[in-house]
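Quick notes on the structure that follows.
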Amino acid sequence: MRPASILPGKHCSWGKPFFSAWVFASTLSDQGLYVNGVKYPLENMQQKILLALMDAHAHRLEGGQIATRCGSSAFPFQPIKYFGRNALVYKTFVRYVPGDKVYELISEL
């Protein structure tokens, strides 16, 4: 396992660990996410949602923007619906900001 990445090959752009040291990404062969040392396999859409937020300049996107980046036609697009079996992963890494109506990546744990 490599520290400082959420998904295989993804690291923060500013050169320091994207998440705290206790969060590790999987290897390329087993796509999952580790939270507190426990592996949570990620489904394809879950990976796409997290990558979309990581790739956004401010790590914040509206639901429609995430849907577009993920290739989804769901309306309204609500990322939490795709994390039903991985609720802890969602709560750990994604936050909805009601006033701004955006989803943001939680990068400081």
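Nothing here was measured: the structure is a model prediction, and the numbers come from that model.
Here the CD atom belonging to Gln78 is positioned 11.0 Å from the OG atom belonging to Ser72, to the nearest 0.5 angstrom. Considering CG of Leu61 and OG1 of Thr68, their distance stands at 9.5 Å, rounded to 0.5 Å. To the nearest 0.5 angstrom, Thr92 atom OG1 is 10.5 Å from Phe83 atom CZ. Distance check, rounded to the nearest 0.5 Å: CG of Leu53 to CZ of Phe93 gives 12.0 Å. Going from atom CD of Glu43 over to atom CD1 of Ile49 covers 9.5 Å, rounded to the nearest 0.5 Å.
The shortest side-chain heavy-atom distance between Gln46 and Leu33 does not fall under the 4.5 Å cut-off. Using a 4.5 Å heavy-atom threshold, the side chains of Asp55 and Arg69 count as touching. A 4.5 Å side-chain heavy-atom check between Lys101 and Tyr96 finds at least one atom pair inside the cut-off.
Residues Phe75 and Phe77 do not share a hydrophobic cluster, defined by chaining ILVMFWY side chains whose heavy atoms lie under 4.5 Å apart. Residues Ile80 and Leu105 share a single hydrophobic cluster, defined by chaining ILVMFWY side chains whose heavy atoms lie under 4.5 Å apart. Put simply, Val97 and Ile66 are part of two different groups of oily side chains (I, L, V, M, F, W, Y) that touch within less than 4.5 Å, one to the next.
Every residue two or more places apart in sequence or in another chain was checked for a side chain to side chain donor-acceptor pair (under 3.5 Å) with Glu62, and none qualifies.
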Exercise for review: Give the C-alpha distance, both sets of side-chain angles, the deciding distance and a yes or no for side-chain contact (heavy atoms from CB on, under 4.5 Å) between Cys70 and Tyr82.
Suggested key: CA-CA 12 Å; Cys70 294; Tyr82 294 95; over 6 Å; no
Check your understanding: Given Leu50 and Val94, is the side-chain contact (heavy atoms from CB on, under 4.5 Å) satisfied, shown in steps?
Key -> CA-CA 8 Å; Leu50 292 173; Val94 181; 3.9 Å; yes
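His59 places a side-chain N or O within 3.5 Å of a backbone atom of Met54 that can act as its donor or acceptor partner. With hydrogens and angles ignored, the 3.5 Å screen pairs a side-chain donor or acceptor of Asn86 with a backbone N or O of Pro41.
Minimum interatomic distance between Leu42 and Gln47 (heavy atoms only, all atoms of both residues): O-NE2, 3.3 Å. Scanning all heavy atoms of the two residues, the minimum distance from Pro79 to Tyr103 falls at CD-CZ, 3.3 Å.
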